[in-house]
S.K.: 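My questions all concern the structure below.
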Amino acid sequence: ARAATSSGLAPKITLDGGKFGGKLRLQARTDVSVRSFDVIEQVGVEEYLKGVVTAEMFPNWPLQAFCTQAVCARSYALHQRANARSMGQKFDVESSVKDQAYKGAVDKGPAADAVEATSGVILTWNGQVLRAYYSSTSGGRPGSARDTWPITRGYEYNLAGPIQAAPTGSNGARDATLGSTSPYYRWQAARSKNEAVSRLKEWGRVNGHPVKELAGLTGVTLTESNTAGRPTKFTVSGGGRTFALSAEQLRFALNQEAKGLPAIVKATRVNSGDMEVTIVGDVVNIKGRGFGHGVGMCQYSVKELADRGEQWRQIVPLFYPGAKLAKAY
């Protein structure tokens, strides 16, 4: 790391190609190795958000899309901060899509303008900060938090009403055709049977799932969908046995890296759990909708609404029916 300065701006520290304006602390990770450590930045919420919104939006998208992203990212960050601290974690949020992508210090541009324009505004439900999930492209069928993440003790926030799928048109929900400008609105991928089995077995081994015992592949059957029609559960059949996987588990399993198999790239990736799987001979064909989990805000839909002239105060509630906008500070 090294110190970096720009004319008229506070000094920054450059690390792995990014510039960071907060205080950096090294935290030993002896659970990984004696030479491993985390780099933890202590930075104010609003400054942090500028780096998140920059990472999550395309630079040529309209300002109102940036503002919408800022409100959602702020809500998620404050919820996760409280959650992390209640569990005694060493840091509040990760700088990757495990929480929110983060590019470090941002002093100016549409992200900075959007964070300032929405300063302190968050989403709430029943008086509590809403964990405002979001993804790239819902494909016209939103996901439900309850079907995507744990809902056991400590994860009750995933049962919040505004982050469950609502049928298109209910509660003022968005038009199902929104997001169609996304390159991932509809997509296709394929695997050979052997490749699919290898990836499914390896994912099962890594995650302690019974599908690690899969022998052959005879079918991948949709068994349950949510109220918006988005798949939530599948059954994988092979070798005379069946294995139940959630839609998100199936997505990750089909993308699992495995020894001896080519790396998953953009052209071969299964982009969401909203898929239809058919097997023809030795080929597993996958047709799908959207990119990501589909819960909450859809970024491409927001971009299209902003292009139509909609303002962020009207856009945000469309993706979280029943939630309220409020000032956190």
Side-chain angles (χ1 to χ4, degrees), residues 76 83 96-99 131-167 184 186-189 191 195-215 217-239 241-258 264 268-279 284-298 319:
Y76 182 93
N83 193 48
S96 72
V97 293
K98 289 182 178 179
D99 277 316
R131 193 174 180 87
Y133 293 113
Y134 54 88
S135 64
S136 166
T137 311
S138 69
R141 300 197 290 206
S144 292
R146 73 171 72 228
D147 298 321
T148 309
W149 297 287
I151 56 174
T152 51
R153 185 174 180 179
Y155 297 93
E156 293 89 351
Y157 51 78
N158 285 323
L159 293 170
I163 50 177
Q164 312 310 323
Y184 304 108
R186 300 287 185 270
W187 50 266
Q188 297 184 40
R191 306 275 186 273
E195 178 185 349
V197 169
S198 294
R199 294 192 188 279
L200 284 160
K201 286 169 64 71
E202 178 62 10
W203 180 87
R205 185 191 68 79
V206 171
N207 292 278
H209 190 283
V211 77
K212 66 185 178 183
E213 299 173 3
L214 180 67
L217 185 65
T218 55
V220 179
T221 308
L222 172 64
T223 55
E224 192 172 310
S225 299
N226 67 19
T227 55
R230 187 184 181 98
T232 58
K233 293 181 181 179
F234 288 87
T235 295
V236 175
S237 306
R241 297 183 62 184
T242 59
F243 304 88
L245 283 81
S246 73
E248 284 297 283
Q249 287 176 328
L250 181 60
R251 169 167 74 118
F252 291 126
L254 288 170
N255 289 332
Q256 176 69 42
E257 297 293 345
I264 295 293
T268 61
R269 182 179 62 206
V270 173
N271 295 304
S272 79
D274 191 347
M275 68 180 92
E276 177 185 339
V277 182
T278 57
I279 300 175
V284 180
N285 294 304
I286 308 158
K287 294 175 64 177
R289 301 167 170 238
F291 184 18
H293 50 70
V295 180
M297 184 262 282
C298 164
F319 298 91

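Heavy-atom basis, side chains included; hydrogens, waters and symmetry copies ignored.
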S.K.: Are any side-chain N or O atoms of Arg289 and backbone N or O atoms of Arg230, one a donor and one an acceptor, separated by less than 3.5 Å?
M.R.: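 Checking the backbone N and O of Arg230 against the side chain of Arg289, no donor-acceptor pair under 3.5 Å is found.
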S.K.: So, Arg191 side chain and Thr268 main chain: donor-acceptor pair closer than 3.5 Å or not?
M.R.: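 Indeed, once roles are kept as given, a pair shorter than 3.5 Å links the two residues.
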S.K.: Which pair of heavy atoms, one from Asp274 and one from Pro231, lies closest together, and at what distance?
M.R.: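 The answer is OD1-CD, 3.0 Å.
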S.K.: Determine yes or no for a side-chain-to-main-chain donor-acceptor pair under 3.5 angstrom, with Thr227 supplying the side chain and Ala165 the backbone.
M.R.: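 Checked: pair present.
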S.K.: Under 3.5 Å, side chain of Ser135 to main-chain N/O of Gly294, donor-acceptor pair present?
M.R.: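 Yes; judged by distance alone, with no hydrogens or angles, the pair exists.
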S.K.: Can you measure from CD (Glu202) to CZ (Arg199) and round to the nearest 0.5 angstrom?
M.R.: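 Glu202 atom CD to Arg199 atom CZ measures 10.0 Å (nearest 0.5 Å).
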S.K.: Applying side-chain hydrogen bond (donor to acceptor under 3.5 Å, both in side chains) as the test, list every pair that has at least one member in residues 143-159; sequence neighbours left out.
M.R.: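 Residue pairs with at least one partner in residues 143-159: Tyr133-Asn158, Arg146-Gln164.
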S.K.: Give the minimum heavy-atom separation between Arg186 and Gly139, together with the two atoms involved.
M.R.: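 Looking at all heavy atoms of both residues, the shortest contact is NH1-O, 3.1 Å.
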S.K.: Can you list the steps and then say if Ile286 with Trp187 is a side chain to side chain contact (heavy atoms under 4.5 Å, CB included)?
M.R.: CA-CA 8 Å; Ile286 308 158; Trp187 50 266; 3.8 Å; yes
S.K.: Name all residues meeting the salt bridge (Lys or Arg N to Asp or Glu O under 4.0 Å) criterion together with Arg269; count only those two or more places apart in sequence or in a different chain, and write none if there are none.
M.R.: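 Applying salt bridge (Lys or Arg N to Asp or Glu O under 4.0 Å) to Arg269 gives none.
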S.K.: To the nearest 0.5 Å, what is the distance between OH (Tyr76) and CG (Asn83)?
M.R.: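 Answer for the OH-CG pair, Tyr76 versus Asn83, is 8.5 Å.
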S.K.: Tell me every residue that passes side chain to side chain contact (heavy atoms under 4.5 Å, CB included) with Val197, counting only those two or more places apart in sequence or in another chain.
M.R.: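 Partners of Val197 by the side chain to side chain contact (heavy atoms under 4.5 Å, CB included) criterion, ordered by chain and then number, come out as Lys201, Leu214, Leu217.
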S.K.: To the nearest 0.5 Å, tell me how far Ser136 OG sits from Met297 CE.
M.R.: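 Ser136 atom OG to Met297 atom CE measures 10.0 Å (nearest 0.5 Å).
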S.K.: Hey, mind stepping through Val211 and Trp203 against side chain to side chain contact (heavy atoms under 4.5 Å, CB included) and telling me if it holds?
M.R.: CA-CA 8 Å; Val211 77; Trp203 180 87; 3.9 Å; yes
S.K.: Mind listing the closest non-hydrogen atom pair of Thr223 and Phe234 along with its distance?
M.R.: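 Thr223 and Phe234 have their closest heavy atoms at OG1-N, 3.7 Å.
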S.K.: Provide the closest heavy-atom pair for Ala189 versus Val270 in the form atom of the first, atom of the second, distance.
M.R.: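 Distance-wise, the nearest heavy atoms are CB-CG2, 4.5 Å.
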S.K.: Give me the atom names and distance for the closest heavy-atom approach of Ser272 to Gly292.
M.R.: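 Here Ser272 and Gly292 meet closest at CB-O, 3.4 Å.
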S.K.: Does a side-chain N-to-carboxylate-O contact under 4.0 Å join Glu248 and Arg251?
M.R.: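 So Glu248 pairs with Arg251 through a salt bridge.
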S.K.: Quick one: does His209's side chain have a donor or acceptor within less than 3.5 Å of a partner on Leu245's backbone?
M.R.: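 Between the backbone of Leu245 and the side chain of His209 there is no qualifying donor-acceptor contact (under 3.5 Å).
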S.K.: About how many Å separate CZ of Phe319 and OG of Ser138, when rounded to the nearest 0.5 Å?
M.R.: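 Reported value, rounded in 0.5 Å steps: 7.5 Å.
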S.K.: Determine yes or no for a side-chain-to-main-chain donor-acceptor pair under 3.5 angstrom, with Thr232 supplying the side chain and Glu224 the backbone.
M.R.: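 Yes.
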S.K.: Just how far is it from atom CG of Asn285 to atom CE of Met275, taken to the nearest 0.5 Å?
M.R.: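 With rounding to 0.5 Å, CG (Asn285) is 13.0 Å from CE (Met275).
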S.K.: With no hydrogens and no angle check, is any side-chain donor or acceptor of His293 less than 3.5 Å from a backbone partner on Ala145?
M.R.: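 A pair under 3.5 Å: no.
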S.K.: Here's a test for you: under side-chain contact (heavy atoms from CB on, under 4.5 Å), which of Thr218, Thr242, Leu200 qualifies with Val236?
M.R.: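 Result: among Thr218, Thr242, Leu200, Leu200 is the only option passing the side-chain contact (heavy atoms from CB on, under 4.5 Å) with Val236.
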S.K.: Tell me, do Asn207 and Phe252 make a side-chain contact under 4.5 Å, heavy atoms counted?
M.R.: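 Result no, sub-4.5 Å side-chain heavy-atom pair not found.
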S.K.: So, the side chain of Gln256 versus the backbone of Ala253: is there a donor-acceptor pair under 3.5 Å, distance only?
M.R.: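 No, because the side chain of Gln256 does not come within donor-acceptor range (under 3.5 Å) of the backbone of Ala253.
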